[in-house]
Amino acid sequence: MNQLRKALPREFYDRDPRRVSRNLLGKVLVRRQGRTFLTGRIVEVEAYLGAADAAAHAAAGRTARNAVLFGPPGHAYVYFIYGNHYCFNVSCLEDGVAGGVLFRALEPLAGIAEMARQREVTVNGARDLRKLTSGPGRLAEAFGITRERDNGKDLTSNTSDLWIADDDFHVRRVLLTPRIGIAKSADLPLRYVIAGNPFVSGRTGSVLRTKRTK
DNA sequence: TACATGATGCCCT
DNA sequence: GGGCATCATGTAG
């Protein structure tokens, strides 16, 4: 558990969003709520490349909403979508250059009862666990992530109540697929999932390319 | 000030 | 497998 108290450093996020995406797989998202810790393993993310990526919020330039994406790396970008849901991202690349990674699915590890309470669902058996954090809107709700509370938050600060840690989990195989729910640049393989993980959202999708790691 | 739209999830068939 | 709720944000007028 002590490993989980240490946030990934800012340098981790000061790279191409594609590389950050690949390396975020297998890491652990941690939320501290008083004495309670909510943790979940990152099993699915998407890279958004900024100005060169038509599907990215940052593509049309800086606005009040997307300003975090243009700021320093390692900060939370949270936005409201479809009138119902929040989506949680982390900014990448240096100050002034936009980029980010969207968190799409987690595997619940600790604080499962609290996640179920915040999602307002009941969990009976392993199959129901997918309802907690399998999907961007779901994981945000399970972790209590909102724009008001978390947008702009520094995820690398050791005084934050939201951060990402490394517990030395080894990711065996990564799948690359097109991103979900977008119209522009929809064919680019920028969605990263841990192969075979049951908590990946939706269906596996068409696999464009697979990568093996040591 | 008005309007179109979306990095979704849920419920129904 | 498909329809739809629901509203913040951005852009046009």
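Residue numbering restarts at 1 for every chain, and letters A, B, ... go by the order of the sequence lines. FYI, side chains are in, hydrogens and waters are out, and symmetry mates aren't considered; it's all heavy atoms of this structure. Small disclaimer: the values here were computed from a predicted structure and weren't measured.
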>> Using a strict threshold of under 4.0 Å (side-chain N to carboxylate O), is an ion pair present between A:R117 and A:E114?
In response: yes
>> Base, sugar-phosphate or nothing for A:Y82? Non-hydrogen atoms, less than 4.0 Å.
In response: base
>> With a 6.0 Å cut-off (strictly less than), is the heavy-atom count around CD of A:E148, excluding the residue itself, greater than 12?
In response: yes
> Tell me: CG of A:L139 to C1' of B:dG9, nearest whole Å?
Replying inline: 13 Å
> Could you state the CG-P distance from A:N84 to B:dT8, rounded to the nearest angstrom?
Replying inline: 12 Å
>> Can you measure A:F88 atom CZ to B:dA7 atom P for me and round it to whole angstrom units?
In response: 18 Å
> Between atom OH in A:Y79 and atom P in B:dG6, what is the gap in whole Å?
Replying inline: 12 Å
>> Tell me whether A:D150 is salt-bridged to A:K153, with the criterion being a basic N under 4.0 Å from an acidic carboxylate O.
In response: yes
> Does A:R179 pair with A:D53 as a salt bridge, N-O distance under 4.0 Å?
Replying inline: yes
> Between A:R41 and A:E107, is there a salt bridge with N-O shorter than 4.0 Å?
Replying inline: no
>> Base, sugar-phosphate or nothing for A:R65? Non-hydrogen atoms, less than 4.0 Å.
In response: sugar-phosphate
> What nucleotide, of B:dC10, C:dT11, B:dA7, holds the atom closest to the side chain of A:R138?
Replying inline: B:dC10
> Quick one: do A:R149 and A:D161 make a salt bridge, cutoff under 4.0 Å?
Replying inline: yes
> Could you state the CD-P distance from A:E148 to C:dA8, rounded to the nearest angstrom?
Replying inline: 9 Å
>> What is the separation between atom NE2 on A:H85 and atom C1' on C:dC4, rounded to the nearest whole Å?
In response: 11 Å
> Which one, C:dT11, C:dT9, B:dT8, comes nearest to the side chain of A:R147?
Replying inline: C:dT9
> According to a 3.5 Å limit on both distances, what stems of 3 or more consecutive Watson-Crick or G-U pairs are formed with DNA chain B?
Replying inline: B:1-6 with C:7-12, B:8-12 with C:1-5
>> For A:A183 and A:G135, find the nucleotide of DNA chain B closest to each by heavy atoms; which residue's nucleotide sits nearer the 5' end?
In response: A:A183
> Do A:V101 and A:V171 belong to the same hydrophobic cluster, where Ile, Leu, Val, Met, Phe, Trp and Tyr are linked whenever their side-chain heavy atoms lie under 4.5 Å apart, directly or via other members?
Replying inline: yes
> Can you check the A:K131 NZ to B:dC10 C1' distance for me, whole Å?
Replying inline: 11 Å
> How close or far is atom C1' of B:dT8 from atom CG of A:L102, stated in whole angstroms?
Replying inline: 11 Å
>> Is the phosphate of B:dC10 approached by A:R119 (side-chain N or O, under 4.0 Å from OP1 or OP2)?
In response: yes
